[in-house]
Number of protein chains: 2
Amino acid sequence: MTTEARIPLSRERVLRTAVALADEHGLPAVTMRRLAEELGAEAMSLYYHVAKKEDVLDGIVDVVAQEINEAVAALEAGPDWKLTARRRILAAREVFLRHRWAPALFGTRSSTSPAVLKYYDNLVGLMREGGFSHDRIHHALHALGSRALGFSQEPFDPGPGASAEVPPEVVAQLPNLVAMLSEIAHDDPDSTLGWCDDQAEFEFGLDLVLDGLDRLR
Amino acid sequence: MTTEARIPLSRERVLRTAVALADEHGLPAVTMRRLAEELGAEAMSLYYHVAKKEDVLDGIVDVVAQEINEAVAALEAGPDWKLTARRRILAAREVFLRHRWAPALFGTRSSTSPAVLKYYDNLVGLMREGGFSHDRIHHALHALGSRALGFSQEPFDPGPGASAEVPPEVVAQLPNLVAMLSEIAHDDPDSTLGWCDDQAEFEFGLDLVLDGLDRLR
DNA sequence: ACCTGAACACCGTTCAAGT
DNA sequence: ACCTGAACACCGTTCAAGT
């Protein structure tokens with residue numbers, strides 16, 4: 001299947017292939033057997049280079065975080081902490097848009113990837129220069145939550161035509177939501193593509209938090 | 001194993017048992033076979049009451065959301081939208097503290113639970129009475145993200161004694177983080193229990209967003 | 001209507017064995 | 001040092017068969 005099966009395995013190559021596999025077929029496609037197949041090897045061979053599947057998952061989180069750090073490193077610093085942080089976070093977000101499966105995975109990892117730590121270390125440094133105390137920075141990181149890394153979890157996000165999937169007897173119980181959505185859909189000419197512009201919504205929430213933090217400085 | 005194995009199966013009973021199983025042994029313990037065992041039945045019997053495992057997962061999300069709605073319904077309305085929303089969200093949060101596995105699961109469900117919709121419908125109604133336009137409410141829901149439901153995803157959260165788990169050569173690369181954490185640990189007498197008070201941090205972030213929204217009203 | 005036994009195609013992981 | 005075959009214990013799911 002793979003064009004070049006003669007390249008020897010390595011932890012690096014296993015992780016890169018796992019990321020590519022998740023990008024193309026989703027995280028559930030990343031099984032030890034499928035991953036090995038993609039590498040032109042047997043499943044058992046992977047265990048020479050990684051400890052277990054959890055290790056693979058930790059590893060691909062780190063790969064994505066490294067990608068974020070590279071994107072951030074290419075940025076120039078802005079005039080103030082807020083604008084610089086905003087740029088970094090939006091650059092990080094672009095990486096997540098290339099790896100749609102990653103937010104859910106970041107959510108489940110409790111162990112901390114070195115690259116994620118490095119990202120936060122930089123952010124702490126930036127806010128320190130911006131005049132925040134360590135205590136405020138600590139609060140700020142919690143307040144930002146996953147938004148500091150460029151994604152936000154939205155447990156309620158009706159996709160395109162979502163109202164069609166919800167049974168009528170349920171919809172009948174939701175007068176406020178229906179009123180809101182119909183007004184939004186009416187105002188938004190792009191409503192057929194889904195009822196919200198994710199990028200705009202992300203930036204709105206991000207700016208709300210950044211402005212709030214700046215006010216506390 | 002189960003004290004009463006003679007109660008007939010039902011979708012209701014399957015879902016309640018699944019929640020109890022996740023509470024006690026974590027989400028990975030919720031397999032069709034284990035779940036059936038807990039119910040004193042065979043795995044195949046479950047398929048008469050639920051379509052497939054995804055259906056079980058959607059179902060237990062709805063069970064938790066119903067629990068939240070009950071907790072919220074027991075609350076009195078406060079004098080203004082912000083205080084009332086705050087109370088509701090903190091009540092919802094208590095439900096998540098009883099079901100630690102739930103936030104990660106809510107994150108992966110794309111289909112929308114009726115009870116979650118009902119929760120949001122109430123929140124929209126509250127904000128409407130509070131004087132927000134539908135457009136602003138829509139933005140507000142995105143800005144709150146998972147915090148509207150009472151939890152927040154924090155991709156970087158060193159647990160108690162986390163620095164011990166990070167290899168020294170990595171720590172050496174993190175001057176800002178180390179400086180911040182050592183200062184926090186020094187200030188906080190409870191640092192041995194972990195370096196942050198989750199509840200206080202959650203409320204800090206929540207108030208930051210609620211205050212920001214209130215300012216836009 | 002409700003439950004099950006047998007069977008299938010898949011997992012992650014081990015271990016002794018090959019080169 | 002690096003890779004693999006055989007094997008184990010576990011998945012979700014089907015389907016025809018039992019009561």
Side-chain angles (χ1 to χ4, degrees), chain A residues 1-63 101 104-105 108-111, chain B residues 1-63 101 104-105 108-111:
Chain A
M1 278 298 125
T2 319
T3 50
E4 284 293 322
R6 292 301 71 184
I7 310 167
L9 293 178
S10 68
R11 182 182 164 83
E12 167 95 8
R13 209 158 85 83
V14 168
L15 297 181
R16 290 206 180 288
T17 305
V19 169
L21 190 54
D23 286 344
E24 258 192 274
H25 298 100
L27 202 54
V30 181
T31 68
M32 298 302 272
R33 286 172 147 95
R34 180 78 191 274
L35 186 50
E37 192 186 338
E38 216 76 14
L39 288 158
E42 300 301 316
M44 308 80 200
S45 311
L46 302 180
Y47 288 90
Y48 191 82
H49 300 94
V50 298
K52 40 199 292 227
K53 195 186 177 182
E54 285 285 290
D55 188 26
V56 174
L57 297 179
D58 286 341
I60 64 181
V61 163
D62 203 54
V63 167
W101 46 270
L105 184 61
T108 63
R109 300 293 90 190
S110 55
S111 85
Chain B
M1 276 299 129
T2 320
T3 50
E4 284 293 321
R6 292 301 71 186
I7 309 165
L9 292 179
S10 67
R11 181 181 165 84
E12 168 94 8
R13 209 159 84 84
V14 169
L15 296 181
R16 289 205 181 287
T17 306
V19 168
L21 190 54
D23 286 345
E24 255 192 276
H25 298 100
L27 202 54
V30 181
T31 69
M32 299 301 273
R33 287 170 147 97
R34 178 80 191 273
L35 187 49
E37 192 187 337
E38 216 76 12
L39 287 157
E42 300 301 315
M44 308 79 200
S45 311
L46 302 180
Y47 288 89
Y48 191 84
H49 301 93
V50 298
K52 41 202 290 232
K53 195 185 176 183
E54 285 286 290
D55 189 25
V56 174
L57 297 178
D58 285 341
I60 63 179
V61 163
D62 204 54
V63 167
W101 46 270
L105 184 62
T108 63
R109 301 292 89 189
S110 55
S111 84

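Below, each value reflects all heavy atoms present in this structure, side chains not excepted, and no hydrogens, waters or symmetry copies. First the proteins, then the strands, lettered A, B, ... as listed; each starts at 1.
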To the nearest Å, how far apart are A/E37 CD and C/dA9 C1'?
-> 14 Å

Could you give the CD1-to-P distance, from A/I7 to D/dC3, as a whole number of Å?
-> 12 Å

Any side-chain heavy-atom pair from B/L21 and B/W101 closer than 4.5 angstrom?
-> no

Which residue, A/R33 or A/A41, contacts DNA chain D at a nucleotide closer to its 5' end, judged by nearest heavy atom?
-> A/A41

Residue pairs passing the salt bridge (charged side-chain N to carboxylate O under 4.0 Å, His left out) test with at least one member in residues 15-33 of chain B, sequence neighbours excluded, are B/E12-B/R16

Rounded to whole Å, the CG-P distance (B/L46 to D/dC11) equals 13 Å

CD of B/E42 versus P of D/dG18: gap in Å, rounded?
-> 17 Å

Check step by step if side-chain contact (heavy atoms from CB on, under 4.5 Å) holds for B/V30 and B/H25.
-> CA-CA 8 Å; B/V30 181; B/H25 298 100; over 6 Å; no

Which one, D/dG5, D/dC11, C/dT4, comes nearest to the side chain of B/S45?
-> C/dT4

Test side-chain hydrogen bond (donor to acceptor under 3.5 Å, both in side chains) applied to B/D62 - qualifying residues, sequence neighbours left out | B/S113

In whole angstroms, how far is the P atom of D/dC11 from the OH atom of B/Y47?
-> 12 Å

Find the distance between OG1 (B/T31) and CD (B/E37) and round it off to the nearest 0.5 Å.
-> 8.5 Å

A/L15 side, atom CG; A/L35 side, atom CG - distance, nearest 0.5 Å | 8.5 Å

Enumerate the residues from residues 49-57 of chain A whose closest heavy atom to DNA chain D is under 4.0 Å, giving them by residue number; use none for an empty result.
-> A/H49

Can you check salt bridge (Lys or Arg N to Asp or Glu O under 4.0 Å) on B/R109 and B/E54, steps first, answer last?
-> CA-CA 9 Å; B/R109 301 292 89 189; B/E54 285 286 290; 3.5 Å; yes

Distance-only donor-acceptor pairs under 3.5 Å for side chains of residues 42-52 of chain A, two or more places apart:
residue : atom : partner : partner atom : Å
A/S45   : OG   : A/E42   : O            : 3.3
A/H49   : NE2  : A/L9    : O            : 3.4

Between D/dA7, D/dC3, C/dA1, which nucleotide gets closest to the side-chain atoms of B/Y48?
-> C/dA1

Within this structure, what is the CZ-to-P distance between B/R13 and C/dC2, rounded to whole angstrom?
-> 14 Å

Is the shortest heavy-atom distance from the side chain of A/V56 to the side chain of A/M32 under 4.5 Å?
-> yes

Each base of DNA chain D marked ( ) or [ ] if paired in-strand (Watson-Crick or G-U under 3.5 Å), | if paired to another strand and . if unpaired gives ||.|||||...|||||.||

Quick one: which of C/dC3, C/dC11, D/dG12 gets closest to the side chain of B/L9?
-> C/dC3

Could you state the atom-to-atom distance from CG of B/L35 to P of D/dC10 in whole Å?
-> 17 Å

How many angstroms lie between atom CG of B/L57 and atom CG of B/L27, to the nearest 0.5 angstrom?
-> 6.5 Å

Positions of residues 15-31 of chain A (non-hydrogen atom under 4.0 Å from DNA chain C), listed by number | A/T31

Among C/dC3, C/dC11, C/dG5, which nucleotide sits nearest the side chain of B/M44?
-> C/dG5

